[in-house]
Amino acid sequence: MALNAGSSSLKAALFSLDDDQALANCLVDRIGPNGVFTIKLSDGTRYQIENLNLESHVLAMKAVINQLNEIWKDLDLIAIGHRVVHGGDFYSRSVIVSNEVIKNLESLSPFAPLHQPHNLEGIEIAIQLFPDITQVACFDTAFHRNHPWVNDTFALPRAFYDEGIRRYGFHGLSYQYIANELRIHSPYLCEGKVVVAHLGNGASMCAMQNGRSVASTMGFSALDGLPMGTRCGQLDPGVLLYLLDQRGMTAAEITDLLYKKSGLLGLSEISNDMRTLEQSEADSAKEAIDYFIFRCQREVGAMAAALGGIDALVFCGGIGENSRLVRSRICERLGWMGIEIDYTKNQKNSQIISTDLARTTVMVLPTNEEQVILRDTRSLMALRGATA
Ligand code: AMP
């Protein structure tokens with residue numbers, strides 16, 4: 001099982017040992033008195049139960065397990081791979097969970113207070129319910145761990161770097177998946193200079209060379225870089241000082257502002273959802289999209305500069321995979337980088353959307369973070385089996 005325990009939701013994908021296609025995808029949304037539990041099976045069957053009283057993550061997890069047990073009477077869970085937002089400087093790859101791993105991950109909670117404690121709660125619950133099976137932690141930061149120092153540090157006094165205040169980068173499971181796909185389908189491009197744009201409700205870009213991360217638009221937290229559904233993206237730190245000093249806002253108020261009320265939602269005052277904004281006639285919706293596009297164009301330039309060139313631009317994430325408008329508008333002003341997209345291919349969401357003669361290949365590759373959790377969990381189980 002691949003498990004993603006968030007602040008108010010729990011996502012679980014169930015796999016058999018020898019098949020990459022998920023048998024079931026479960027989502028418990030709005031954990032609390034009015035929880036919604038959705039389960040989709042590989043044959044397309046879909047169940048949804050609303051107004052569930054799932055007051056805690058433990059109850060949500062039990063509901064998922066009970067439902068799966070109803071469907072597969074002989075369900076025998078042998079491993080759980082957990083999505084964990086922060087592996088800090090400890091982990092540059094997935095690891096089998098041990099007491100020491102949990103201690104290390106707990107020490108990182110202050111770095112990602114909105115996500116890490118919930119991810120850890122997911123691990124604790126899974127251990128409680130299944131004490132004898134392999135539990136694996138897979139990190140959003142791990143893929144970025146070997147950045148050159150200049151892409152890893154802020155220009156603060158060095159003691160802060162030593163304390164862990166660094167650019168970690170996130171969405172690493174998605175980038176790992178894209179790097180694997182490129183290695184399989186376009187090994188020549190994978191060896192080159194590739195900018196991957198993961199554009200979804202959370203959004204970032206990654207500069208990759210030889211399938212490894214060199215730079216990322218996200219830094220110490222998942223707030224930096226591109227504007228997102230409700231997160232602000234890049235912000236002058238002077239704004240924070242102003243909000244603290246002059247507006248007297250508390251840390252909690254600023255956290256709420258930057259994580260939940262900014263980005264597309266804050267600018268449009270309509271929605272955090274790109275589809276809704278594309279359909280809206282309101283000027284504020286158009287301006288929110290304009291800002292998103294402009295920042296994406298800037299960051300493609302920044303990522304290409306970090307690489308010293310660009311051979312391919314890859315779009316993924318809900319917006320990157322589906323929004324023809326966003327893709328074409330981002331590419332519109334990138335002709336100077338050899339980027340030129342083919343209108344028809346873009347409309348069809350083809351895998352390659354650049355023109356045949358364009359110097360830079362532009363691709364749309366659907367990402368799949370769960371596959372990375374699945375693969376890493378399988379290989380760590382095999383390793384454990386081999387060393388047992
Ligand atoms: P994700 O977080 O990766 O699931 O992506 C969610 C985002 O993708 C939301 O802003 C959606 O509106 C956006 N999205 C999904 N499908 C489309 C589409 N067909 N056109 C535009 N945006 C889309």
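The structure presented is a predicted model; accordingly, all values stated were derived computationally and were not measured. Values below: every heavy atom of this structure, side chains too, minus hydrogens, waters and symmetry copies. Note that ligands are numbered from 1 as they come in the structure, with each ligand's atoms numbered from 1 the same way.
S328 has its side chain within reach of I341: a pair of non-hydrogen atoms, C-beta onward, lies under 4.5 Å apart.
Some N or O of M274 is nearer than 3.5 Å to an N or O of ligand 1, by distance alone. Between R324 and ligand 1, no N or O atom pair is found at a separation short of 3.5 Å. No N or O atom of H198 sits closer than 3.5 Å to an N or O atom of ligand 1.
Between D311 and R359, none of the side-chain N atoms (NZ, or NE/NH1/NH2) sits under 4.0 Å from a carboxylate O, so this pair counts as no salt bridge. A salt bridge does not link K11 to D29: none of the charged side-chain nitrogens sits closer than 4.0 Å to a carboxylate oxygen. D290 and R329 are joined by a salt bridge, as a carboxylate oxygen and a charged side-chain nitrogen come within less than 4.0 angstrom of each other.
Below 4.0 Å from some heavy atom of N322 lie the following atoms of ligand 1, by number and element: 15 (C), 16 (N), 17 (C), 18 (C), 19 (N).
At a threshold of 4.5 Å between side-chain heavy atoms, the hydrophobic network of Ile, Leu, Val, Met, Phe, Trp and Tyr places V239 and L244 in one connected group.
Cation-pi contact between R166 and Y161: present, with separation from the ring centre below 6.0 Å and deviation from the ring axis of at most 45°.
In this structure, atom 13 (C) of ligand 1 lies nearest to the protein heavy atom I319 CG1, 3.6 Å. In terms of protein heavy-atom proximity, atom 2 (O) of ligand 1 is closest to N201 N, 2.8 Å. Nearest to atom 21 (C) of ligand 1 among the protein's heavy atoms is S323 CB, 3.5 Å. For atom 12 (O) of ligand 1, the nearest non-hydrogen atom of the protein is D273 OD1, 2.5 Å. When hydrogens are left out, the protein atom nearest atom 20 (N) of ligand 1 is R275 CG, 3.6 Å; that is the closest non-hydrogen contact.
Residue contacts with ligand 1, taken as heavy atom pairs separated by less than 4.0 Å, involve E278 solely via side-chain atoms from C-beta onward.
Distances from atom 15 (C) of ligand 1 to the heavy atoms of G318, C316, G200 put G318 nearest.
Listed by first then second residue, pairs satisfying ring-ring contact (aromatic ring centres under 6.0 Å, His included) with a partner in residues 207-243 read F111-F220, not counting sequence neighbours.
Residues passing the ring-ring contact (aromatic ring centres under 6.0 Å, His included) test with H171, sequence neighbours excluded: H198.
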